Visitor: 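Once you've had a glance at the structure underneath, I'll fire off some questions.
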Amino acid sequence: MPLLTRMLNAPLSIDVRRGAIAALGELLADKRIATEGRVAIAVGPGQGDQIAEHVRPSLAACEVFHVDGGTVDAAVSLGSKLRAGSYEAVVGIGGGRTIDATKYAATLSGIPMVSVATNLSHDGICSPVASLTHDKGKGSFGVVMPLAMIVDLDYVRAAPVRLVRAGIGDVVSNFSAVDDWLLASEEVGETVDRMALTVARMAGEALLHQPESVESDRFLTVLAESLVLSGMAMSFAGDSRPASGGDHEILHAIDQLYPGTANHGELAGIGAAFCYHLRATRLGVGAERLAEIVACLDRHGLPKGPGDVGLTVEQFTEAVHYAPQTRPGRYTILEHLALDQGEIRKAVEEFVQVHGG
């Protein structure tokens with residue numbers, strides 16, 4: 001991808017700090033976002049309404065719309081309202097589902113979107129992918145990534161700590177995705193975008209070796225920046241490849257087979273750990289990375305294995321067996337090994353015995 005195109009794919013502004021939401025009015029006054037100030041605000045449940053009321057006085061001409069969950073129907077409905085109102089931009093305020101629905105609606109409407117994240121549960125806060133539910137389950141849709149984003153650490157701290165920790169699992173899964181991409185290059189000749197790969201890996205390394213916890217503003221800043229880097233890596237690559245490998249195939253399978261089991265980031269972390277278990281025990285590589293990831297998940301109180309999220313060995317085996325069907329054409333460690341159900345069960349039993357869960 002040409003350098004100029006890469007630069008255009010990067011967010012115009014990223015603000016991560018306490019009190020950052022106060023800068024939203026000033027950001028939207030930037031003529032590159034809205035020349036006449038006709039801005040819509042899309043909010044989800046929880047803190048969205050509170051933030052909207054906080055910033056409304058600084059926005060002369062805005063209207064607030066409520067997003068009813070992270071569904072395709074909700075996103076399409078919002079898109080229709082944005083087109084009908086001739087808005088120049090939309091601000092999505094909330095968690096991952098609200099941000100994803102707003103990204104999809106903005107893409108349908110052909111207007112820029114500003115992301116205001118109230119939690120750090122996954123890299124969807126700044127990515128060119130929207131994960132939305134529909135009548136046949138959940139799907140991933142290509143969208144235009146946010147033009148700018150704000151993460152106010154005061155609001156992040158007010159979110160359930162489980163949602164804050166979940167983003168850690170999504171970031172560390174980048175390692176698994178990157179290694180799957182390189183494996184696909186070696187085995188089936190898939191082209192690797194080295195810039196996207198480097199950015200995705202850098203996001204993981206920055207978080208993996210951060211010694212502090214979610215109680216620290218410094219750690220939360222690194223987590224937010226790592227999630228943004230993951231989104232930018234996907235934008236550079238033109239798809240989710242640098243941040244979604246066999247790990248995400250497993251989480252999507254769990255979502256489809258056993259909906260409501262756990263959130264995206266938690267499942268991504270488990271998927272990454274299991275994929276590295278397969279690498280270490282079947283290919284003889286990746287044992288050191290496996291140990292680092294398991295230690296990171298453990299240090300931050302994240303689930304490490306299927307039992308930690310209420311799945312039995314049989315259920316997790318079924319999910320891993322089904323996983324390749326969630327991303328047809330994507331080559332990962334799962335497609336490479338092509339284990340049958342009995343072999344997968346043996347691997348799952350080994351994984352649980354060594355790492356718990």
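The figures here come from the full heavy-atom set of this structure, side chains too, leaving out hydrogens, waters and symmetry mates. In what follows, residues are counted from 1 in the order of the sequence shown. Note that this is a predicted model, so its numbers are computed, not measured.
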Visitor: Just say parallel, tilted or perpendicular for the rings of His355 and His277, cut-offs at 30° and 60°.
Guide: perpendicular
Visitor: Angle between ring planes, Phe351 versus Phe316, binned at 30° and 60°: parallel, tilted or perpendicular?
Guide: parallel
Visitor: Decide whether His264 and Asp123 meet the rule of one side-chain donor and one side-chain acceptor closer than 3.5 Å.
Guide: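 No pair is found: no donor N or O on one side chain lies under 3.5 Å from an acceptor on the other.
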Visitor: Can a donor-acceptor pair be found between the side chains of Ser109 and Lys81 at a distance below 3.5 Å?
Guide: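 The answer is no; no qualifying pair exists.
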Visitor: May I ask you to decide whether Arg218 forms a salt bridge with Glu212, counting only side-chain N to carboxylate O separations under 4.0 Å?
Guide: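 A salt bridge links Arg218 with Glu212.
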Visitor: Within the supplied structure, the quantity of interest is the number of heavy atoms (other residues, nucleotides, ligands) at a distance under 6.0 Å from Asp217 CG; does it exceed 12?
Guide: yes
Visitor: Looking at side-chain heavy atoms only, is the closest gap between Ile125 and Leu120 below 4.5 Å?
Guide: yes
Visitor: Answer yes if the side chains of Thr332 and Glu335 hold a donor-acceptor pair under 3.5 Å, and no otherwise.
Guide: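 Indeed, the side chains of Thr332 and Glu335 share at least one donor-acceptor pair under 3.5 Å.
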Visitor: In the single-linkage hydrophobic clustering (I, L, V, M, F, W, Y; side-chain heavy atoms under 4.5 Å), do Leu207 and Val161 co-cluster?
Guide: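 Looking at the clustering, Val161 is in the same group as Leu207.
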Visitor: Any sub-3.5 Å donor-acceptor pair from Asp308's side-chain atoms to Lys304's backbone N or O?
Guide: yes
Visitor: Please test Arg241 against Asp180 for salt bridge (charged side-chain N to carboxylate O under 4.0 Å, His left out), starting from the C-alpha separation and ending with a verdict.
Guide: CA-CA 9 Å; Arg241 197 44 152 139; Asp180 278 340; 5.3 Å; no
Visitor: When you compare the side chains of Tyr276 and Asp179, does any donor N or O come within less than 3.5 Å of an acceptor on the partner?
Guide: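 Yes - a donor-acceptor pair under 3.5 Å links their side chains.
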Visitor: Do Arg201 and Glu205 meet the salt-bridge criterion of a basic N to acidic O distance under 4.0 Å?
Guide: no
Visitor: Would Arg38 count as a cation-pi partner of Tyr87, with NZ or CZ less than 6.0 Å from the six-membered ring centre and within 45° of the ring normal?
Guide: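 Output no; distance or angle outside limits.
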Visitor: Quick one: pull up CG in Leu334 and NE2 in His321 and give me the separation to the nearest 0.5 Å.
Guide: 11.0 Å
Visitor: Determine, for Glu292 against Arg289, whether the closest basic-nitrogen to carboxylate-oxygen distance falls under 4.0 angstrom.
Guide: yes
Visitor: Would you mind reporting whether Met149 and Ser13 have side-chain heavy atoms less than 4.5 Å apart?
Guide: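 No, every pair of side-chain atoms sits at 4.5 Å or beyond.
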Visitor: Is the shortest side-chain N to carboxylate O distance from Lys103 to Asp100 below 4.0 Å?
Guide: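 Yes, this pair counts.
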Visitor: For Tyr322, which of Glu249, Gln256, Gln341, His252 qualifies under side chain to side chain donor-acceptor pair (under 3.5 Å)?
Guide: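 Testing each of Glu249, Gln256, Gln341, His252 against Tyr322, the sole residue satisfying side chain to side chain donor-acceptor pair (under 3.5 Å) is Gln256.
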Visitor: If only side-chain N and O atoms count, and only distance matters, is there a donor-acceptor pair under 3.5 Å linking Asp73 with Thr71?
Guide: no
Visitor: I'd like to know if Arg165 and Glu266 make a salt bridge, using a cut-off of under 4.0 Å between side-chain N and carboxylate O.
Guide: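 Answer for the salt bridge query: no.
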Visitor: Please name the residue in the list Ser240, Ser244, Ser140 that meets the side chain to side chain donor-acceptor pair (under 3.5 Å) test with Arg327.
Guide: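 Single side chain to side chain donor-acceptor pair (under 3.5 Å) partner of Arg327 among Ser240, Ser244, Ser140: Ser140.
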Visitor: Which heavy atom of Leu302 sits nearest to which heavy atom of Gly169, and what is that distance?
Guide: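 Scanning both residues, the minimum pair turns out to be CD1-N, 3.8 Å.
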Visitor: Where is the tightest heavy-atom contact between Ile99 and Gly92, given as atom of each residue plus distance?
Guide: CD1-O, 3.2 Å
Visitor: Answer yes or no: is there a donor N or O on one side and an acceptor on the other, between the side chain of Ser127 and the main chain of Ser230, under 3.5 Å?
Guide: no
Visitor: Check whether any side-chain heavy atom of Phe141 sits under 4.5 Å from a side-chain heavy atom of Val72, and report yes or no.
Guide: yes
Visitor: Any salt bridge between Asp152 and Arg17, counting N to O under 4.0 Å?
Guide: no
Visitor: With a 4.5 Å cut-off on side-chain heavy atoms, are Val352 and Pro306 touching?
Guide: yes
Visitor: Return yes if a side-chain donor-acceptor contact under 3.5 Å exists between Glu187 and Tyr331, otherwise no.
Guide: no
